[in-house]
Number of protein chains: 2
Amino acid sequence: MAVLNERKQKILHAVVTDYIQTAEPVGSRTISRHYQIALSAATIRNEMADLEELGFLLQPHTSAGRIPSQRGYRFYVDSLMDTVQLGKQEENYLRRVFTQLKKMREINQIVQQTAKALSVITRYTSMVLAPQLKRSAFGQMRLIPMNEEQALVVLITDTGYIKNKVIDMPRALSQEELDRIVSFLNTELSGLTISSLTPSRLRKLRRDLYKQVDILDSLFAMLEECSGQQENKVFLGGTSNILDQPEFKDMEKVKHLLTLFEEGEKLSVVLEGAGEGISISIGTENVINEMSDCSLITASYSLHGRPIGRIGVLGPTRMEYARVVAIVEEIVKHLNNLLCSL
Amino acid sequence: MAVLNERKQKILHAVVTDYIQTAEPVGSRTISRHYQIALSAATIRNEMADLEELGFLLQPHTSAGRIPSQRGYRFYVDSLMDTVQLGKQEENYLRRVFTQLKKMREINQIVQQTAKALSVITRYTSMVLAPQLKRSAFGQMRLIPMNEEQALVVLITDTGYIKNKVIDMPRALSQEELDRIVSFLNTELSGLTISSLTPSRLRKLRRDLYKQVDILDSLFAMLEECSGQQENKVFLGGTSNILDQPEFKDMEKVKHLLTLFEEGEKLSVVLEGAGEGISISIGTENVINEMSDCSLITASYSLHGRPIGRIGVLGPTRMEYARVVAIVEEIVKHLNNLLCSL
DNA sequence: GATTAGCACTCACCTGAAGAGAGTGCTAAC
DNA sequence: GTTAGCACTCTCTTCAGGTGAGTGCTAATC
């Protein structure tokens with residue numbers, strides 16, 4: 001891939017930033033006027049024709065200005081994008097939100113409210129992958145009998161995440177029997193990550209506890225379920241914000257996206273896919289078809305230094321990358337801090 | 001209010017049903033043709049002019065057909081609407097869904113999935129008010145120490161609903177102390193409805209337990225929170241379905257609705273407002289401004305005979321009332337059955 | 001007196017033509 | 001290598017005319 005000379009980079013930068021602001025194809029005149037490029041429109045036209053040939057720009061039709069191609073955005077994000085400082089207002093808003101959130105205890109709620117704040121401040125749609133059980137370590141487990149046939153299992157991870165599940169008891173067990181089972185499991189499993197609770201490992205445990213086998217089936221079924229990926233909850237915020245984007249004035253597109261928003265499973269796949277740091281996927285780089293007009297900026301958040309979920313912003317490919325990256329980074333910092341203090 | 005003669009009723013009925021199907025203003029010719037009314041178009045025109053004067057019909061513009069007014073829909077719903085049988089397909093679908101749901105244990109999940117099914121089958125947006133803690137009775141409570149400073153409270157209602165909350169412990173308490181507190185509360189509170197746990201009642205209890213007072217503050221704070229209306233969670237299904245309705249081709253309207261969908265608090269108010277049986281509110285009969293173009297059909301669902309939440313369908317005022325009513329009734333029947341068997 | 005046929009009229013909607021405006025690509029001059 | 005000039009392209013808006021569905025009114029009919 002030929003590297004672009006400085007002038008082409010400047011022009012590409014100008015096209016991208018202008019188009020991000022206006023959502024209108026950018027003409028050569030606009031660039032020579034509004035950006036500090038001491039060149040005439042004609043020269044810029046030539047350069048733009050080159051950029052188009054190289055695949056960084058697109059022309060919606062012959063007599064229109066240029067818009068960035070997906071490749072154009074990619075180059076902008078990788079090499080051209082300036083880092084942006086948060087505004088005073090935004091900083092204050094975040095500070096206020098997180099002081100409020102400090103009062104909350106439930107991690108899911110905190111994360112959900114964070115998503116909301118993220119959508120408010122970015123004016124895009126936000127998505128959060130809720131804390132994933134399987135990334136945590138086993139903490140302790142309790143059994144609470146509810147009646148003759150059922151008991152409530154409470155599983156607490158080392159990260160303070162709590163999961164309930166009602167299970168059937170094949171026969172009534174005395175409190176002592178239950179206590180024995182539970183304390184055995186607690187010592188055996190303590191500190192293991194949930195995802196390491198593979199069926200084979202559970203089978204081994206079962207042999208050791210052979211005498212109380214009936215209830216174990218139910219208990220193990222629950223543990224297995226936890227180590228599976230069932231638990232990938234996704235919260236959304238600001239879904240109506242997409243309607244403000246001119247690229248979504250087309251009902252069909254909106255419909256596709258809204259439908260996607262209802263499919264938590266699909267969304268969680270997208271969010272899980274990325275690595276650990278901040279990640280930007282543009283247009284068709286997203287695996288999901290419905291998102292081929294969108295870009296997604298995500299980052300992991302952590303509890304006690306261990307990444308347990310992801311938070312991100314979904315917008316049109318024409319998204320204000322620089323601003324959103326700054327905001328996401330800042331919000332993750334806040335969120336990590338807050339979660340640590342729980 | 002003048003009662004309409006039979007002929008006017010027939011015509012109104014024809015206009016409403018036709019408009020519900022086509023979303024187009026209904027002309028006099030259409031009615032004399034397609035409906036069994038042995039009258040010429042001209043006569044029907046006269047009657048329609050009367051119906052308009054009486055406020056049951058509206059004319060979008062001079063040379064268009066008529067559409068039902070809000071009052072027209074109201075009359076239709078109250079007096080004209082036929083009862084509809086569910087189709088074989090729909091019945092089968094519901095049966096299948098609920099056989100699936102039987103495997104689930106968590107009531108919130110069941111209710112949420114029911115909402116989804118409701119939206120699929122009606123092709124409108126569905127809303128469910130999740131089971132309300134405050135309508136249930138206290139069952140039992142457990143305290144699980146997590147570390148030196150924190151403990152997990154698990155509250156189980158008689159309806160099998162489970163609520164977790166992490167609380168701070170002012171000082172480390174031994175397991176025995178905790179057990180004593182909890183077993184005291186369990187016997188004292190057993191069988192009371194959550195909403196009856198008023199601050200004054202809690203104060204009285206506190207006096208009796210004066211010795212262990214530190215932790216009680218946290219515990220009582222939790223109980224108070226439960227008896228408050230915090231817990232009004234609303235689930236939505238099929239939000240993208242509104243986009244299929246021609247009356248929502250206008251982006252502004254969609255935007256308003258989507259924004260409303262994000263405000264759970266507002267929605268819960270709407271759902272809570274209605275009585276116990278099936279309830280239909282049309283257009284501006286809904287308290288919420290954003291819903292003045294919509295109609296909402298809701299019904300309560302119950303656990304052990306006690307209504308604990310509401311389920312409903314939101315559509316345009318041009319909604320297929322008869323069909324939706326039939327579906328909602330059927331689904332509530334299924335749901336009640338299922339919840340009973342938990 | 002109720003019903004109907006006939007007719008002029010209204011209004012939304014579609015279509016096609018004309019004109020404006022933005023921006024391009026190419027050529028020739030600097 | 002850069003720029004000015006110019007013809008050309010293409011979209012978008014506007015407007016006029018035509019079409020069709022449906023009405024309200026009047027006069028004839030049952």
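Everything quoted here is computed from the prediction, not taken from an experiment. Quick note on labels: first sequence line is chain A, next is B, and so on, each numbered from 1.
Partners of A:Asp82 according to the salt bridge (charged side-chain N to carboxylate O under 4.0 Å, His left out) rule, which considers only residues two or more places apart in sequence or in another chain, do not exist here. Partners of A:Phe261 by ring pair (Phe, Tyr, Trp, His ring centres under 6.0 Å), not counting sequence neighbours: none found. The side chain to side chain contact (heavy atoms under 4.5 Å, CB included) test applied to A:Glu262 returns B:Thr239, B:Ser240, not counting sequence neighbours. Residues that satisfy the salt bridge (charged side-chain N to carboxylate O under 4.0 Å, His left out) test with B:Lys253, not counting sequence neighbours, are B:Asp293. Residues that satisfy the ring pair (Phe, Tyr, Trp, His ring centres under 6.0 Å) test with B:His13, not counting sequence neighbours, are B:Tyr76. By the ring pair (Phe, Tyr, Trp, His ring centres under 6.0 Å) test, B:Tyr73 is found to be paired with B:Tyr321, residues two or more places apart in sequence or in another chain being considered.
Residue pairs that meet the side chain to side chain donor-acceptor pair (under 3.5 Å) test with at least one member in residues 30-39 of chain A, sequence neighbours left out, are A:Asp18-A:Tyr35.
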Per-nucleotide protein contact string for nucleotides 11-30 of chain D, where B marks a base within reach and S marks sugar-phosphate only (heavy atoms under 4.0 Å, - for neither) | S---------BSBB------
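Distance A:Leu39 CG to D:dG1 P: 14 Å, rounded to the nearest Å. C:dA5 atom P lies 12 Å from atom CD1 of B:Ile44, rounded to whole Å.
Considering only side-chain N and O atoms, B:Ser40 lies nowhere under 4.0 angstrom from the phosphate OP1 or OP2 of C:dT3.
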When you compare the protein's N or O atoms with those of nucleotides 28-30 of chain C, which come within less than 3.5 Å of each other, and at what distance?
none

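Other residues, nucleotides and ligands contribute more than 12 heavy atoms inside 6.0 Å of the NZ atom of A:Lys8.
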